[in-house]
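Every chain is numbered from 1 and lettered A, B, ... according to where its sequence line falls, protein lines coming before strand lines.
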Amino acid sequence: MDLKEIKSLIQLLEETDLTEIEIEEHGRRIRVRKEQGQTVSLSAPLHTEAAALPAVSPVSQALQPQQEFSNETEPHLAVIHSPIVGTFYRAHTQGAEPYVQVGDLVKKGQILCIVEAMKLMNEIESDHDGTVVAVCVEDKSSVEFGQPLFKIEPAQ
Amino acid sequence: MDLKEIKSLIQLLEETDLTEIEIEEHGRRIRVRKEQGQTVSLSAPLHTEAAALPAVSPVSQALQPQQEFSNETEPHLAVIHSPIVGTFYRAHTQGAEPYVQVGDLVKKGQILCIVEAMKLMNEIESDHDGTVVAVCVEDKSSVEFGQPLFKIEPAQ
Amino acid sequence: MFKKILIANRGEIAVRIIRACRELSIRTVAIYSEADAQALHVRMADESICVGPADANLSYRNIPNILSSAELTGAEAIHPGYGFLAEDGHFAEVCESVGVRFIGPSAEAIRLLGNKVKARETMKKAGIPIIPGSDGVVSGEAEAIEVANRIGYPVMIKAVSGGGGRGIRVVQKEEELSQLLKTARSEGRTVCGDESVYIEKYFVEPRHIEVQVLADEKGKAVFFPERDCSIQRRHQKLVEESPSPLVDEKLRRELGRAALEAVRATHYVNAGTVEFLFEKEFYFIEMNARIQVEHPVTEAVSGIDLVKEQIKIAAGQGLEFKQNQIKCQGHSMECRINAECPEKFTPSSGTISVFHLPGGPGVRVDTALVSPTKITPYYDPMVAKLIVHAENRELAIAKMKMALSEFFIEGIKTSLPLHRRIMEDQTFINGRYSTNYIESFLAASLSTPPDLPL
Amino acid sequence: MFKKILIANRGEIAVRIIRACRELSIRTVAIYSEADAQALHVRMADESICVGPADANLSYRNIPNILSSAELTGAEAIHPGYGFLAEDGHFAEVCESVGVRFIGPSAEAIRLLGNKVKARETMKKAGIPIIPGSDGVVSGEAEAIEVANRIGYPVMIKAVSGGGGRGIRVVQKEEELSQLLKTARSEGRTVCGDESVYIEKYFVEPRHIEVQVLADEKGKAVFFPERDCSIQRRHQKLVEESPSPLVDEKLRRELGRAALEAVRATHYVNAGTVEFLFEKEFYFIEMNARIQVEHPVTEAVSGIDLVKEQIKIAAGQGLEFKQNQIKCQGHSMECRINAECPEKFTPSSGTISVFHLPGGPGVRVDTALVSPTKITPYYDPMVAKLIVHAENRELAIAKMKMALSEFFIEGIKTSLPLHRRIMEDQTFINGRYSTNYIESFLAASLSTPPDLPL
């Protein structure tokens, strides 16, 4: 399959008012299609525009709505989400070693990090045995409900 | 063709936010598709709803907007459109014979009808040689700009 | 003034509060559930934080996550809107304990008013008329007769543990009392094993009249021209108007005085609403410790932005106007547009792909609708409020009819058709409706020929 | 009152007129071009008739087809809106000759006011100040000096047949006059073979102030608080407000008196607007014989529906209010949202698939937007009017900023970003702007760092 060809079709579609292009040849069919007035064009129009207007509404947005919580591109990985709103800490105390590093083997129930909320330190445990392949959040940054914290490659 | 299968696809489509489902297999292709927020659902929403509300806004609509002026289904036919807004008369005077009947052979330039506007009788001529195959408007009814009056099968 | 406010709500009221904040140059933090990631209030706010899943108990009522959100974003105050945590005394208390200003009355006032028995007692002590009845449970037939004679027939016998119409009997005259007392007792016993009953004045065609108040921390309080919210079904208001077609200037002042008395008796601060039942006289029902859905009709006739005032009061600013500066100009009306079947009131969910909102002079629409919007079954079915303002009631009805005629929502069933019919109904037009209106209106509708669809 | 009105227009003003008709229980007939078959005014009207192809000359200005439409539908009156046939004396005349009421002034008044020279003469005779200058062409240098001394420097020498800046010279003092007179003459001769010139007072920083009037057939006339429309680019108004930040109560009365004098002098009936140029004193420019785009700001401060009044006057009803009943409450402002590049003002066409209109208290949007709308290049680029009303000018600006911040149109370029910047601009906020404002504002903008996009 010629990915370049499909990409150029998508680009063509995006540059015009067309909503669909379909090509069928040599027993192969490619169809690209976009919805107008639907989900795609509406992902976050108000924010988009506001962001272009720093003079009018200086949007700093400490916490951007994170809508990409799903793990579609890496379906084999397990994702540990934040169960609460709070501040993410990788270590027990400042300066201490992080609970886990990328590459570490972890057990189900093992503490991965702390999310502090209202002065309470909430220990977040792994719900899988496996290998830590990614830490999704910077140390000491804010996390919202459902935000991915770690990606774990489950043990076979 | 399995009608049941198609119906279940349609049902599936209606129950979801999808706009299109396409299946291609064993040399057979089924595609069902709905328009969202686009032309189809928008054909005339305000009128549609108003029409369901005779108590609130008694819409009689002597003249419905005629949006189907094109002749897509019969591309071989010539259509004579009204060039003005007025009242359509098939005959010169009341009780007289109509200028033309379905089945009549007409010449280019021959008078087909009269559209009266502001007491002026405007003679509408055929712009084709051919056979009248349809009279699209009732005698003495109102016509708007661009409304089809006659369909003519052009002579070879 | 606050620099940043967190809005602990969703839908039109969150949008309404964000607009007020913008005008006051206050930055806003929206919270949202996973079901609302695309919602208008999230898009409009300067910052937004997901606080939980679709279930409101785990998101919009999730006190720890909401307070954490305020802490993380540095929001100095929380506006609760209506519903959710708006009248939760515990929430108000926790807010104050962690140093976040709760935009509303004190936790004590919320708790007092949330306890219907205590609220009633407080108002009675303050000299505000309450619905006449027995002082609690009646011991026997002799006491029942005595109470009924004192308050006058018709009276209502209510089983203490009854509900949903069970254990309730209306007594028209003394001869009926003995028999109906027995029936109510036995029904109470059957349904919930408790034959205790109490007696209350029964109102045949009462009206629901309410008075908006604002009170600042310095003890200054004002009342606004009354709202008539008698058009209800199952205690859900459908149409509200201000002023009431029933209330004259004298009654308006009396209602206002009673409302201010309620404010004093409860040491109430911020915006609140004192609800009365009216039939010949007015009687206190309850006091709502929040901004109400129908606040825009009061804004229309008074020209005062109540949400901005709420914020200013919470920031410690005193009220800038006096009672005699509060006008009652023209007439305003609100229709609540719900996502529901207009006949049976069953909620309707789905995706609104196409809609058209009315506009023009004197027309206001408060909504969180944005295309496409998914109406989920998780929250309040109200999708929009349509508010009109005109010189008088007749013109307000004409304007409402006009606005309803062009209001169009596709993809779900709404109460729009019902509102259109109400605006054509002679009883409503005359202004002679009671809280029974919708019930009898619908009953009459069902007997009309089928070519008049709802 | 009329039973049915035909609206000989499109876009937001057609929608506006349909709304007014609905409130007055008048049935409506929309006309439309083939390009507008899906337009909102067509959907909203009770009936609609296609009157021609996209080209407005063949549709919205097609007098025979429009009158036929009125005849066929039994419309008793025609509302022309603004633009198209609104100030066409011939159309007004033909309407009346076929027995259809034209909602506007008489054909004579339209013709008189359409002729700028005659209008100026009429006003001068009526004692209304007109822009000082020579009585027609000046014969030589001596006369030029005499005129310039009489009206005071700076003056403007204008070639009679000049235009587009050619053959125009501004003279600051007498010493310059002789030389600049020669230049203007020779430029006039070069460009159009005519060296005749006239002299007019030159205004350095004039303001555009206009007064809305209503006059009924019985000779009763009223004026409204002035509108300030100085924010223009190429004589196209962009922002309008009422009252003017410049005008005090005394000047307001003087402007009003002059406007009423203009009504009397032209036997004017229905809604009209007398436009003045103001610099220290006010001077008549012209009188517009129609409803104007910016009428909503007057509706906001006065509480009077001008379109409804137009219809009532045309139906022969007398004005129901007196001059002293016309209030000036609070402050109102309008931004015209055009489909155009916000920097270069080139029109932008395309399909608007997604948009969000602002709402809340004191916010009005007049638009024909409906999703999806195709913005065609055939007609006026204005896609919406955003009008706010608040207690004072400062709060009105805050509200306008709020409303602009949530106003969103996707698919075309609009003037929204320009309006957002104007509302942040100190000169505008101070209210000290002239008709040169936009030009100098844009010039200044271009020199600001590129991280402040328009």
For [X], look at atom [atom1] and say whether over 12 heavy atoms of other residues, nucleotides or ligands are found less than 6.0 Å away.
X: D:Gln323; atom1: CD; result: yes
X: C:Lys3; atom1: NZ; result: no
X: D:Lys374; atom1: NZ; result: no
X: C:Glu391; atom1: CD; result: no

Salt bridge (Lys or Arg N to Asp or Glu O under 4.0 Å) partners of D:Glu12, counting only residues at least two apart: D:Lys385
Taking only residues two or more places apart in sequence or in another chain, which ones pass salt bridge (Lys or Arg N to Asp or Glu O under 4.0 Å) with D:Arg364? D:Glu299, D:Asp366
Does a side-chain heavy-atom distance below 4.5 Å link D:Leu40 with C:His356? yes
Counting C-beta onward and ignoring hydrogens, is there a side-chain heavy-atom pair between D:Glu23 and C:Val388 closer than 4.5 Å? no
Where is the tightest heavy-atom contact between C:Leu357 and D:Arg19, given as atom of each residue plus distance? O-NH2, 4.5 Å
Minimum heavy-atom distance between D:Arg22 and C:Glu406, given as atom pair plus value: NH1-N, 4.2 Å
If you count heavy-atom pairs under 4.5 Å with chain C, which of [options] comes out on top?
options: D:Gly303, D:Ser25, D:Pro361; value: D:Pro361
options: D:Ala398, D:Pro296, D:Gly362, D:Gly359; value: D:Gly359
options: D:Ala390, D:Cys21, D:Gly330, D:Gly360; value: D:Gly360

If I take atom CG from residue C:Asp305 and atom NZ from residue D:Lys399, how far apart are they, to the nearest 0.5 angstrom? 5.5 Å
